[in-house]
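Just so it is clear, the model here is predicted, and its values are computed rather than measured.
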Amino acid sequence: LMRHAKEVRICLCLEPQLLHSTPWETNPFYPVWNTYQRCRRLAQEQGVPISLGPIFPRPRRFRNPALLHLEENFVAPNGRAYQGEVSGIEVVAAADRRHEVEIVARRIVQLVQGGMRYRQIGVILRDFGPYGELVHDIFTDYGIPHFLDRRRPVTHHPLAELVRAALEMAQDCIAPDPLFRLLKTDLTTIPMDEIDLLDRYCMEAQPERGQWERPWRDPVLDGIRKKVLQLVEPLCQALGQPKTVRERTEILYRWLVDLEVPDRLARWSQGAAAQGDLLNAKTHLGVWDVFVDVMEQMVQVLGEEYLDLAEYAVIMEAGLEQMQQGLIPLGLDQVLVGSVERSRQPELEAGFVLGLCDGEFPRCKELDSLINDDDRSQLAKLGVEFGHTLSERLILEQYFAYIALTRSSRFLHLSYAQNDDQGRFLGPSRIIDRLCLLFPKLTLKEVVRPESSAFTGQGQFYLDRLRESVNLQEVVVNFT
């Protein structure tokens with residue numbers, strides 16, 4: 001890119017003084033500084049001139065002085081305590097994760113009723129694991145438009161099922177189970193009404209393999225039989241012979257193209273978009289490229305290896321299980337829900353950071369791996385980077401914490417659950433301890449889960465507001 005582009009601009013989140021000095025490896029900005037140095041080396045190796053662009057020593061986006069103080073002192077070794085009254089920052093301890101997300105949903109509704117737009121609000125997670133489905137379900141109940149910025153598995157998409165069934169059927173041609181799984185994906189050239197008619201006949205007559213080769217009495221069913229044989233027999237014959245991985249993949253690719261699968265997926269995408277189903281429209285449009293990428297990786301790694309069809313099918317199944325698709329936001333005015341490691345939040349007025357539990361954010365669990373930290377360090381000395389060591393991951397977690405706490409310009413909500421789904425106690429993260437040191441006047445709000453109610457979502461929110469109003473009127477009446 002540097003060799004061919006007229007100009008390449010790289011923006012990094014780095015303290016200005018580190019541009020001309022070397023930070024300690026424990027500095028939260030050390031991973032970014034390391035990236036900066038690697039970019040400089042690459043440019044020098046390619047003979048590309050380097051020039052520093054504009055440097056912004058003081059953030060301009062903060063409208064809340066408390067948030068500006070947080071940005072300036074959160075990672076500083078000797079951070080100063082904030083002396084003024086703290087406004088626009090709240091720390092909440094909820095009963096459990098569901099209660100935590102419900103509190104966030106109600107707070108978002110209040111902000112929007114106060115004039116804020118959904119697109120000015122962001123929800124930041126360490127990862128989607130325990131929160132993804134909760135956020136989607138509860139935000140939907142409250143009528144909050146939102147987008148979950150995560151890669152979605154497409155393992156069970158009709159395209160994946162078509163490939164899975166085709167390889168299984170090629171091992172035992174005209175086996176009824178994989179055959180009808182293939183046909184019912186609706187990605188073949190045979191109409192679905194003919195497939196339903198054939199399915200009913202096969203359930204009653206249960207024709208054997210040899211009967212598929214002979215004409216059937218019913219001319220309509222016999223015509224469908226011929227279409228099925230024209231569809232599957234060439235693939236079965238081609239894949240049944242000894243082939244390399246490259247050859248088998250090319251045969252499978254040509255068969256899918258002859259079926260006009262990419263065109264059919266494009267039509268599905270257009271139909272879903274016309275009905276307002278933008279999520280499925282994007283999924284159908286991008287799943288073909290994801291699958292082609294899986295095939296390219298197989299050819300790149302095992303291209304000239306001879307594998308029998310069963311072994312090839314096992315490897316393809318492993319690739320299909322890992323198929324994931326990333327989508328872009330489908331609307332303009334919606335809350336962006338993302339992980340701090342993957343998502344790049346836009347300009348936010350209000351930020352909600354969830355899951356600030358001890359050991360979860362920052363994450364301090366060592367990942368299982370065949371390569372230990374000593375091996376990684378030795379490989380790094382040889383110029384081979386093989387992921388981060390445990391100490392590097394801990395430093396990176398500090399940087400992620402800084403990113404999460406400095407995205408919003410006016411309002412910051414931090415929360416954690418006191419118990420997990422099994423009722424086990426969860427303590428607060430050390431991020432909250434750090435905030436309490438920087439803001440001595442900041443108070444932790446422990447919100448007790450309300451008694452069970454028949455209302456959910458927006459109904460529960462308005463019921464709570466009604467209770468507050470009634471209680472306030474009772475106080476006024478008793479006072480007078």
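- Note on Lys184 versus Glu161: no salt bridge recorded, every NZ/NE/NH1/NH2 to OD/OE distance being 4.0 Å or above.
- Pro262 and Leu256 get closest at one heavy-atom pair: CD-O, 4.1 Å.
- With no hydrogens or angles considered, a side-chain donor-acceptor pair links Gln110 and Arg107 at under 3.5 Å.
- Contact between Arg119 and Leu348 at its shortest, heavy atoms only, is O-CD2, 4.3 Å.
- Trp216 places a side-chain N or O within donor-acceptor distance of the main-chain N or O of Gln211, the cut-off being under 3.5 Å.
- Taking the six-membered ring where the residue is Trp, Tyr402 and Phe29 present perpendicular rings, their angle passing 60° and hence far from 30°.
- The environment of CD in Glu213 is crowded: more than 12 heavy-atom neighbours from other residues, nucleotides or ligands sit within 6.0 Å.
- A salt bridge does not link Asp222 to Arg217: none of the charged side-chain nitrogens sits closer than 4.0 Å to a carboxylate oxygen.
- Taking the six-membered ring for Trp and the full ring otherwise, Tyr36 and Trp33 have centroids separated by 6.0 Å or more.
- Residues Thr244 and Glu304 have side chains that never bring a donor and an acceptor to within less than 3.5 angstrom of each other.
- Annotation: Phe361 is not in aromatic contact with Tyr416 [ring centroid separation under 6.0 Å not met].
- Geometrically, Arg200 does not engage Phe180 in a cation-pi contact defined by less than 6.0 Å to the ring centre and at most 45° from the axis.
- Just one residue in the list Asp199, Val228, Leu198, Asp172 forms a side-chain contact (heavy atoms from CB on, under 4.5 Å) with Leu179, and that residue is Val228.
- Between His284 and Trp268, the angle of the ring planes goes over 60°, which puts this pair in the perpendicular group of the 30/60° scheme.
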